[in-house]
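Because only heavy atoms are used, hydrogens play no part in the values below, and waters and symmetry mates are left out as well, while side chains stay in. The model shown is predicted, which means the values in this text are computed figures rather than measured ones. Throughout, residue positions are numbered sequentially from 1 according to the sequence presented.
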Amino acid sequence: MNAVYTAEAIATGAGRDGRTRTADARVDLQLAVPKEMGGSGDGANPEQLFAAGYAACFHSALQMVARSQKVDLGDSSVGARVGIGPNGSGGFELSVALEVVIPDLDNDAAQALADAAHQVCPYSNAVRGNVEVAVSVSDD
């Protein structure tokens with residue numbers, strides 16, 4: 001792959017109870033283990049960062065697909081939920097649920113665009129075959 005952009009970040013401290021910062025300092029966050037996993041919950045966590053990045057990236061892919069098909073998305077949005085849990089082998093695994101909202105399209109047309117975006121989104125391509133990803137369309 002010939003990368004056109006490369007992001008760089010470093011994590012310090014106690015991993016999930018540490019700090020993460022990008023090389024350009026645009027992202028600089030205190031991290032904390034979520035309460036649901038036995039932590040304080042007093043900071044961001046990697047799953048939140050992944051959800052935010054995936055939602056933004058998928059929305060861009062959706063817009064690209066819509067432009068190529070000359071479809072107006074109107075006031076569209078994409079939400080992402082990232083779950084983490086044990087994988088049964090001593091480690092952990094992720095799951096992702098993407099919810100696409102395109103108010104001005106019927107459900108079938110919106111789902112077709114969402115499915116096409118899932119084929120071109122870099123995050124979707126990165127996790128395909130390794131992380132369960134559900135893509136659905138919602139009215140809100």
Side-chain angles (χ1 to χ4, degrees):
M1 179 191 75
N2 185 18
V4 296
Y5 171 75
T6 301
E8 184 178 347
I10 188 168
T12 57
R16 288 177 167 274
D17 272 322
R19 181 165 214 88
T20 191
R21 183 178 185 272
T22 56
D24 62 6
R26 290 181 186 260
V27 175
D28 186 356
L29 296 171
Q30 184 65 40
L31 301 174
V33 175
K35 287 182 180 182
E36 297 83 352
M37 294 175 68
S40 70
D42 290 337
N45 64 65
E47 291 70 39
Q48 290 172 318
L49 299 173
F50 187 63
Y54 204 157
C57 189
F58 196 90
H59 199 202
S60 287
L62 182 70
Q63 291 168 344
M64 182 188 82
V65 167
R67 275 192 308 276
S68 74
Q69 296 183 19
K70 298 185 181 358
V71 175
D72 181 6
L73 291 180
D75 191 22
S76 63
S77 64
V78 174
R81 289 187 310 277
V82 173
I84 184 170
N87 66 4
S89 300
F92 292 87
E93 64 186 355
L94 299 175
S95 65
V96 176
L98 298 171
E99 184 177 292
V100 176
V101 176
I102 309 173
D104 298 333
L105 287 184
D106 67 63
N107 191 283
D108 290 342
Q111 188 66 57
L113 285 174
D115 291 342
H118 191 41
Q119 296 306 308
V120 299
C121 174
Y123 276 58
S124 293
N125 288 332
V127 302
R128 186 169 287 114
N130 191 43
V131 174
E132 180 184 327
V133 178
V135 180
S136 64
V137 170
S138 173
D139 292 334
D140 59 0

Practice problem: Identify the residue among Asn45, Ile84, Val96 that makes a side-chain contact (heavy atoms from CB on, under 4.5 Å) with Phe50. | Solution: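 Of the listed residues Asn45, Ile84, Val96, the side-chain contact (heavy atoms from CB on, under 4.5 Å) partner of Phe50 is Val96.
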
Quiz item: For the side-chain contact (heavy atoms from CB on, under 4.5 Å) test, which of Val100, Val133, Leu62, Val65 pairs with His118?
Solution: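 Only match with His118 under side-chain contact (heavy atoms from CB on, under 4.5 Å): Val133.
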
Exercise. Would you please test Glu47 and Arg16 for salt bridge (Lys or Arg N to Asp or Glu O under 4.0 Å) and show each step?
Key: CA-CA 10 Å; Glu47 291 70 39; Arg16 288 177 167 274; 2.6 Å; yes

Minimum-distance pair of heavy atoms, taken over all atoms of [X] and [Y]:
{"X": "Ala114", "Y": "Phe58", "result": "O-CZ, 3.4 Å"}
{"X": "Ala32", "Y": "Gly43", "result": "CB-N, 3.3 Å"}
{"X": "Leu31", "Y": "Gly15", "result": "CD1-O, 3.6 Å"}

At what distance, to the nearest 0.5 angstrom, does [atom1] of [X] lie from [atom2] of [Y]?
{"X": "Asn107", "Y": "Ser136", "atom1": "CG", "atom2": "OG", "answer": "9.0 Å"}
{"X": "Arg19", "Y": "Leu29", "atom1": "CZ", "atom2": "CG", "answer": "7.5 Å"}
{"X": "Ser95", "Y": "Arg81", "atom1": "OG", "atom2": "CZ", "answer": "9.0 Å"}
{"X": "Leu105", "Y": "Asp72", "atom1": "CG", "atom2": "CG", "answer": "8.0 Å"}
{"X": "Leu94", "Y": "Asn130", "atom1": "CG", "atom2": "CG", "answer": "8.5 Å"}
{"X": "Ser124", "Y": "Leu98", "atom1": "OG", "atom2": "CG", "answer": "6.0 Å"}

Quiz prompt | Residues which pass salt bridge (charged side-chain N to carboxylate O under 4.0 Å, His left out) with Arg21, listed by chain and number, not counting sequence neighbours | solution =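 Arg21: salt bridge (charged side-chain N to carboxylate O under 4.0 Å, His left out) contacts with Asp28.
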
Self-check item: Side-chain heavy-atom pair Val82, Val131 within 4.5 angstrom cut-off
Solution: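 Answer no - side chains too far apart.
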
Quiz item: Does any non-hydrogen side-chain atom of Phe92 lie less than 4.5 Å from one of Asn87?
Solution: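 In short, these two side chains do not touch, never coming nearer than 4.5 Å.
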
Would you say [Y] ends up clustered with [X] if hydrophobic residues are merged whenever their side chains have heavy atoms under 4.5 Å apart, either directly or through other cluster members?
{"X": "Tyr123", "Y": "Val27", "result": "no"}
{"X": "Val101", "Y": "Val71", "result": "no"}
{"X": "Val78", "Y": "Val120", "result": "yes"}

Taking the side chain from [X] and the backbone from [Y], do they hold a donor-acceptor pair closer than 3.5 Å?
{"X": "Gln111", "Y": "Val135", "answer": "yes"}
{"X": "Ser138", "Y": "Asp140", "answer": "yes"}
{"X": "Asp17", "Y": "Val33", "answer": "yes"}
{"X": "Gln69", "Y": "Ala66", "answer": "no"}

Quiz prompt | Between Ser77 and His59, a side-chain donor and acceptor under 3.5 Å | solution =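 Checked: Ser77/His59 side chains show no N/O donor-acceptor pair below 3.5 Å.
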
Quiz prompt | Donor on one side chain, acceptor on other, Gln119 and Asp115, under 3.5 Å | solution =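 Gln119 vs Asp115: no donor-acceptor pair found between side chains.
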
Practice problem: Please list, chain by chain and in numerical order, all residues satisfying side chain to side chain donor-acceptor pair (under 3.5 Å) with Asp106, sequence neighbours excluded. | Solution: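 Side chain to side chain donor-acceptor pair (under 3.5 Å) list for Asp106, sorted by chain: empty.
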
Self-check item: Partner residues of Asp104 under the side chain to side chain donor-acceptor pair (under 3.5 Å) criterion, sequence neighbours left out
Solution: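 Partners of Asp104 under the side chain to side chain donor-acceptor pair (under 3.5 Å) test: none.
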
Self-check item: Over 12 foreign heavy atoms within 6.0 Å of CD, Glu132
Solution: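 Count not over threshold, so no.
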
